[in-house]
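Questions regarding the structure given below will be posed in turn.
Note that the numbering runs from 1 along the sequence shown for the chain.
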Amino acid sequence: QVQLVESGGGLVQTGDSLTLSCTTSRLTFTPYAGAWFRQAPGQQREFVGGILWNSGATNYADSVKGRFTVTRDKVKKTAYLQMINLKPEDTAVYYCAARRSSSTSFPKSAGVFDSWGQGTQVTVSS
């Protein structure tokens with residue numbers, strides 16, 4: 001059973017903004033961290049940005065710093081990925097992920113996350 005549900009993807013033009021949502025209400029645990037990954041055709045899944053659920057501390061890939069912002073609403077149990085100034089190279093399927101346990105460093109590797117969403121397509125036209 002899919003425990004995370006993404007929404008908000010779509011087709012936009014270069015320079016546009018888009019916000020993705022990830023509901024975590026089906027999770028059976030309160031996450032230590034949430035993160036967004038993306039995967040373009042023929043590419044590996046890559047870390048985009050993440051947030052520590054309790055403190056709100058964030059971390060981003062260099063390619064999106066200053067353009068993407070990860071937030072979370074504890075009451076709504078929802079994580080968000082706000083994207084501005086989108087570029088064609090941002091085109092990918094975007095996935096949200098949740099990690100149960102704490103770690104000494106900010107989790108960025110896909111392999112350390114316990115639950116995943118089904119993904120939502122973001123396409124940026126030039």
Self-check item: Atom pair OG1/CG of Thr23 and Asp73 - distance to nearest 0.5 Å
Solution: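 Answer for the OG1-CG pair, Thr23 versus Asp73, is 12.0 Å.
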Quiz item: Is it the case that more than 12 heavy atoms not belonging to Gln44 sit under 6.0 Å from its CD atom?
Solution: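 It does not: Gln44 CD has 12 such atoms or fewer within range.
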Quiz item: Out of curiosity, Thr69 OG1 to Arg67 CZ, how far, rounded to the nearest 0.5 Å?
Solution: 10.5 Å
Self-check item: Closest heavy-atom pair and its distance - Gln82, Thr19
Solution: CG-OG1, 3.8 Å
Practice problem: Decide yes or no for Leu52 and Phe106: does some side-chain heavy atom of the first lie under 4.5 Å from some side-chain heavy atom of the second? | Solution: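 Yes; the side chains approach each other to less than 4.5 Å.
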Practice problem: Count the heavy atoms belonging to other residues, nucleotides or ligands that lie under 6.0 Å from CG of Asn54, then report whether that count exceeds 12. | Solution: no
Quiz prompt | Side chain Thr14, main chain Lys87, donor-acceptor under 3.5 Å | solution = no
Self-check item: Heavy-atom pair of closest approach, residues Tyr95 and Arg45
Solution: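 For Tyr95 versus Arg45, the nearest heavy atoms are CZ-NH2, 3.4 Å.
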Practice problem: To the nearest 0.5 angstrom, please state how far the CH2 atom of Trp36 sits from the OG1 atom of Thr120. | Solution: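 Between Trp36 CH2 and Thr120 OG1, I get 8.0 Å after rounding to 0.5 Å.
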Quiz item: Hey, does the side chain of Thr24 reach the backbone of Lys77 with a donor-acceptor pair shorter than 3.5 angstrom?
Solution: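 Yes: the side chain of Thr24 pairs with the backbone of Lys77.
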Quiz prompt | Cluster link Val64 to Tyr80, ILVMFWY, side chain under 4.5 Å | solution =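 Each belongs to a different hydrophobic cluster.
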Quiz prompt | Pairs meeting criterion disulfide (SG to SG under 2.5 Å) with involvement of residues 97-126, two or more places apart | solution =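 Found none.
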Exercise. State whether the number of non-hydrogen atoms from other residues, nucleotides or ligands found under 6.0 Å of Lys76 atom NZ is greater than 12.
Key: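 Result for NZ/Lys76: open.
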Quiz item: Considering all heavy atoms of both residues, which atom of Leu86 and which atom of Ser17 are nearest to each other, and what is their separation?
Solution: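 Taking Leu86 first and Ser17 second, the nearest heavy atoms are CD1-C, 4.1 Å.
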Quiz item: What closest approach, in Å, do Asn59 and Phe47 show between heavy atoms, and which atom pair accounts for it?
Solution: O-CZ, 3.6 Å
Exercise. Name all pairs fulfilling the disulfide (SG to SG under 2.5 Å) condition that reach into residues 74-126, sequence neighbours left out, sorted by first residue then second.
Key: Cys22-Cys96
Quiz item: Minimum heavy-atom separation for Pro107 to Val112, with atom names?
Solution: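 Heavy atoms only, the tightest pair is CB-CG2, 3.9 Å.
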Quiz item: Which pair of heavy atoms, one from Ala40 and one from Ala92, lies closest together, and at what distance?
Solution: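 Closest heavy-atom pair between Ala40 and Ala92: N-CB, 3.8 Å.
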Practice problem: Look at the side-chain heavy atoms of Ile, Leu, Val, Met, Phe, Trp and Tyr, link any pair under 4.5 Å apart, and say whether Val93 and Phe113 land in one connected group. | Solution: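 Yes, same cluster.
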Quiz item: Is there a donor-acceptor contact under 3.5 Å from the side chain of Tyr60 to the main chain of Gly66?
Solution: no
Quiz item: Leu27 versus Ser115: any side-chain heavy-atom pair under 4.5 Å?
Solution: yes
Practice problem: Mind checking the CZ-OG1 spacing from Phe68 to Thr58? Nearest 0.5 Å is all I need. | Solution: 14.0 Å
Exercise. Kindly say whether Trp53 contributes a backbone atom to a donor-acceptor pair with the side chain of Arg72 at under 3.5 angstrom?
Key: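 Here the side-chain-to-backbone pair exists.
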Exercise. Please check if atom CD in Glu46 has more than 12 non-hydrogen atoms from other residues, nucleotides or ligands closer than 6.0 Å.
Key: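 Counting other residues, nucleotides and ligands, CD of Glu46 exceeds 12 neighbours.
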Quiz prompt | Separation of Asp90 CG from Asp16 CG (nearest 0.5 Å) | solution =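 The CG atom of Asp90 is 11.5 Å from CG of Asp16, to the nearest 0.5 Å.
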Quiz item: Between Phe37 and Leu81, is there a shared hydrophobic cluster once you connect ILVMFWY residues whose side-chain heavy atoms come closer than 4.5 Å?
Solution: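 No, because Phe37 and Leu81 fall into different hydrophobic clusters, even though each may have its own neighbours under 4.5 Å.
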Practice problem: Please say which of Arg38, Glu6, Gln39, Gln121 ends up in a side-chain hydrogen bond (donor to acceptor under 3.5 Å, both in side chains) with Tyr94. | Solution: Arg38
